[in-house]
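Structure, as structure tokens:
Count residues from 1 along the sequence. All values below were derived from every heavy atom in this structure, side-chain atoms included, with hydrogens, water molecules and symmetry-related copies excluded.
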Amino acid sequence: MKKRKLINGAAALAGALGFYALFTSQPQVFLRPHAALLSLIPGVSFEYVEGLGYLALARNFAITPDCMGAKWFVAALLILCLSTDDAHAHERPSRAALRLGLCLFVLIALAFAVSALRIAVSIPFATHPSGALIHRLISLAAYFLSLLALYAGAQALSRRTER
């Protein structure tokens, strides 16, 4: 069983890094939904600048490739794959593939939601003298708390499926 967990962990890491490479290779595509959603905030509009990301000049704020949630996605995928493996050890391959596909879809949506929320909360502090520090603190809190909630939810679902 330990060998299987090691293989699954290596596969999860390879998959997570593959998705990370995909996300970061097309920043304009993966940042566009963030810019579109955050443009709904009154007085905020974004323009794409090649090599930088989406800029809100009026707010002195940028959505850069680091903002898209790709690192959160990698951490979340690893948490899910490594924390729920035993509960699904005897699952049929077709069911495991379906579960993995659903997890990927949910994680992409959550990565977008968490990153959009932390950006939205940070926008009012963009012109503050300590705006960058405030943004980092908001990001750390959002990422840590959301990953903790994800882990707790995965553990609860694993216990439920073991019964």
May I have the list of side-chain donor-acceptor pairs in residues 67-80 shorter than 3.5 Å, sequence neighbours left out?
unit_1, atom_1, unit_2, atom_2, d
Trp72, NE1, Ser146, OG, 2.8

Using residues 103-120 as the side-chain source, report each donor-acceptor pair under 3.5 Å to any protein atom, sequence neighbours left out, with the distance given to one decimal.
unit_1, atom_1, unit_2, atom_2, d
Ser115, OG, His34, NE2, 2.6
Ser115, OG, Ala111, O, 2.8
Ser115, OG, Phe112, O, 3.1
Arg118, NE, Tyr143, OH, 2.7
Arg118, NH1, His135, NE2, 3.1
Arg118, NH1, Ser139, OG, 2.8
Arg118, NH2, Tyr143, OH, 3.3

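Here CG of Leu52 is found 10.0 Å from CD of Glu50. Values are rounded to the nearest 0.5 Å. Here CG of Leu31 is found 9.5 Å from CG of Asp66. Values are rounded to the nearest 0.5 Å. Note that OG of Ser45 and CG of Leu38 are 12.0 Å apart. Values are rounded to the nearest 0.5 Å.
For the salt bridge (charged side-chain N to carboxylate O under 4.0 Å, His left out) condition, no pair includes a residue of residues 15-36, sequence neighbours left out.
Partners of Val44 by side-chain contact (heavy atoms from CB on, under 4.5 Å), not counting sequence neighbours, listed by chain and number: Ile41, Phe46, Ala56, Arg59, Ile123. Applying the ring pair (Phe, Tyr, Trp, His ring centres under 6.0 Å) criterion to Phe61, with sequence neighbours excluded, gives no partner residue. Remark: Tyr48 engages Tyr54 in a ring pair (Phe, Tyr, Trp, His ring centres under 6.0 Å) (not counting sequence neighbours).
Taking the six-membered ring for Trp and thresholds of 30 and 60 degrees, Phe125 and His128 have ring planes more than 60 degrees apart, a perpendicular arrangement.
The hydrophobic cluster around Leu137 extends to Leu133, counting ILVMFWY residues whose side-chain heavy atoms fall within less than 4.5 Å of a member.
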